[in-house]
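Worksheet: one structure, shown below.
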Amino acid sequence: MAPLTVPVLTIMTWSPFIGALLIMFTARHRPLAVRLIATVTTGISAVLSVWIYVVYERENAGFQFYEKLPLVPPLGISYELGVDGISLLMVLLTSIIIVAGVFASWTVAVRSQEFYALLLALVTGVYGVFVSLDLFVLFLFYELAVLPMYLLIGIWGSTGEVRPRGIFAWAYRETGVGTKEYAAMKLTLYLLFGSAFILVGILALYVNAGSSSFSFLDFEATNFPRALQRWVFLAFYVGFGILAGIWPLHTWSPDGHASAPTAVSMLHAGVLMKLGAYGVVRVAMGLLPEGTVEWAPLMGTVAVVNIVYGALSAMAQTDLKYVVAYSSVSHMGIVMLGAATLTEVGLNGAVFQMFAHGIMTGLFFALVGLIYEKSHTREIGRMGGFGSRMPGIAAAFTLGSLSSLGLPGLSGFVAEILTFLGAWQSPYRWWLFPAVAGTFLTAVYVLRVARRIFWGPLAEAEYAHLDDARGPEWFSLVFLSAVLILFGLAPALALVPVDRATIALLDRLGVLP
């Protein structure tokens, strides 16, 4: 694994951060310059992510485009980067979502300079997590990806109406449930709580490996004691799992989704939640094989609870953003279920579901943002007949809904069927039944929401002003819809490189037949 001459991963990772600096120092009070800088710098990362995806040597397992630079040699901390089949797909997902998010935020008028700067800093952290092979640096990138969310939601977010009910109505009123400040603080506290578990786990591995390096590759070559693996795996599962929305530590996610501005919701659900699942697969499962095998039954059981609970919760919502938010909780359960099966087909399904759900939910939140901007409501009961006035938005929403329920020909179907096959091949076949039930419930609520919003009579007096997407708004809808169809019809584009990485992981776990 020779180091790469051109630091393509470094350029890809730090290009958005350079864009953030340029925006802060050169584009004050020039909104068009802010948008152009954001578009160019994220476009550079996107082009490079596509380039490495094309030239990646699919017949070889292991990390490619390797880079290494010592940072703190006495502590064994290095700037070490590389991608394998799993992180390759996640990098591509990040590029797709951030480019779409930049165009979806084209109409941000209030303090757009700071908004785009924080958005680009956040996405730098996301890229860094997916390409880092030094766990200490990975943790720093992880924090960079999480912390800007507080300001992005607290300043540019929206406050929704949550009606206090039941014996805890007083607590709702006192804590400000539904406000953007409440959502921002809740998200930050939950994720910082998870970060504490992650940091403890990393330091435990560092000490037990001989305190000479934080490198993933060095840890991978170390045989950690079974007792250590048992509790460190659980620490990683809880720490990363909070960001992945595992039940019952998921409650920060719907509030964060509902209050975040459009591009932040797209990144939040489309990419940030994948950081959590990626951390479980890459760090916990990749370094702790015995702990993985021991805790896999718990992971799978919690995952099927996620699937059913998230779907039932989505059915009960009256706010469109909360429907999509709880849908994300349900779909992330499919990701964790695929990982827990410890089968080749199940793990492939888990990684593909990360990608498919990221694109689908990015499309959904872009659409919700457009619907809210044009109708000034997210209350499902107040909508109806919008399809006659916004046919393009209606078509894109219907496409996303069909992918969500697993229609063949779209990427959601491929991800779900692979995960379900993995569940059937696992020792815990009963996981399959609640997972399939969750898919049935998904079909019920997404079709009901699509019918209620877009089809039927239009309330002419209230919504006579409605119009379809315009200008840059079309880019996100067409782009994300095309990706859903492309990877649904040609899933091998993603599965070939992913399969090499999952086979290597399963070989380390010792569960290959």
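Using a 4.5 Å cut-off on side-chain heavy atoms (C-beta onward), Leu122 and Leu144 make no contact. At least one side-chain heavy atom of Tyr127 sits under 4.5 Å from a side-chain heavy atom of Ile98. Between Arg226 and Glu294 the shortest side-chain heavy-atom distance falls below 4.5 Å. Between Val283 and Phe219, every side-chain heavy-atom pair lies at or beyond the 4.5 Å cut-off. The closest side-chain heavy-atom distance from Met12 to Trp51 is not below 4.5 Å. Using a 4.5 Å heavy-atom cutoff, the side chains of Thr439 and Phe420 are in contact. Side-chain contact check for Gln425 versus Thr341: every heavy-atom pair is 4.5 Å or farther apart. You'll find the side chain of Glu344 reaches within 4.5 Å of the side chain of Leu506, heavy atoms only.
Looking at every heavy atom in both residues, Ser426 comes nearest to Ala423 through OG-O, 2.7 Å. In plain terms, the two heavy atoms of Val281 and Ala339 that are nearest each other are CG2-CB, 4.2 Å.
Counting only N and O atoms by type, the side chains of Thr10 and Glu67 include a donor and acceptor under 3.5 Å apart. Between the side chains of Ser78 and Asp134, no donor N or O sits under 3.5 Å from an acceptor N or O. Residues Tyr428 and Thr301 bring no donor and acceptor atom of their side chains to less than 3.5 Å of each other.
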Verdict with supporting geometry, Phe236 and Phe197, ring pair (Phe, Tyr, Trp, His ring centres under 6.0 Å):
CA-CA 6 Å; Phe236 282 141; Phe197 282 87; over 10 Å; no

side-chain hydrogen bond (donor to acceptor under 3.5 Å, both in side chains) between Ser212 and Tyr206, intermediate numbers included:
CA-CA 8 Å; Ser212 60; Tyr206 175 72; over 6 Å; no

Test side-chain contact (heavy atoms from CB on, under 4.5 Å) applied to Glu290 and Asn223, step by step
CA-CA 10 Å; Glu290 294 181 59; Asn223 186 19; 4.2 Å; yes

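Counting only distance, with no hydrogens or angles, the side chain of Thr124 and the backbone of Phe17 share a donor-acceptor pair below 3.5 Å. In this structure a side-chain-to-backbone donor-acceptor pair under 3.5 Å is present from Asn208 to Ala204. Here the side chain of His331 pairs a donor or acceptor atom with the backbone of Ser327 at under 3.5 angstrom. For Ser132 (side chain) and Val129 (main-chain N/O), no donor-acceptor pair under 3.5 Å exists by modelled atom type. Formation of a donor-acceptor pair under 3.5 Å by the Arg508 side chain with backbone atoms of Glu220 is found in this model. Under the 3.5 Å distance criterion, the side-chain polar atoms of Thr42 are matched with a main-chain donor or acceptor of Ala38. Looking only at distances, a side-chain donor or acceptor of Ser330 sits under 3.5 Å from a matching main-chain atom of Ile307.
Within the model, atoms CD1 of Ile242 and OG of Ser253 stand 12.0 Å from one another, a figure rounded to the nearest 0.5 Å.
Taking the charged nitrogens against the carboxylate oxygens, Arg500 and Asp84 have no contact shorter than 4.0 Å, which rules out a salt bridge.
Partner Tyr278 forms a ring pair (Phe, Tyr, Trp, His ring centres under 6.0 Å) with one of Phe130, Phe240, Tyr142, Phe141 and no other, that one being Phe130.
Between Phe214 and Phe136, the angle of the ring planes lies from 30° to 60°, which puts this pair in the tilted group.
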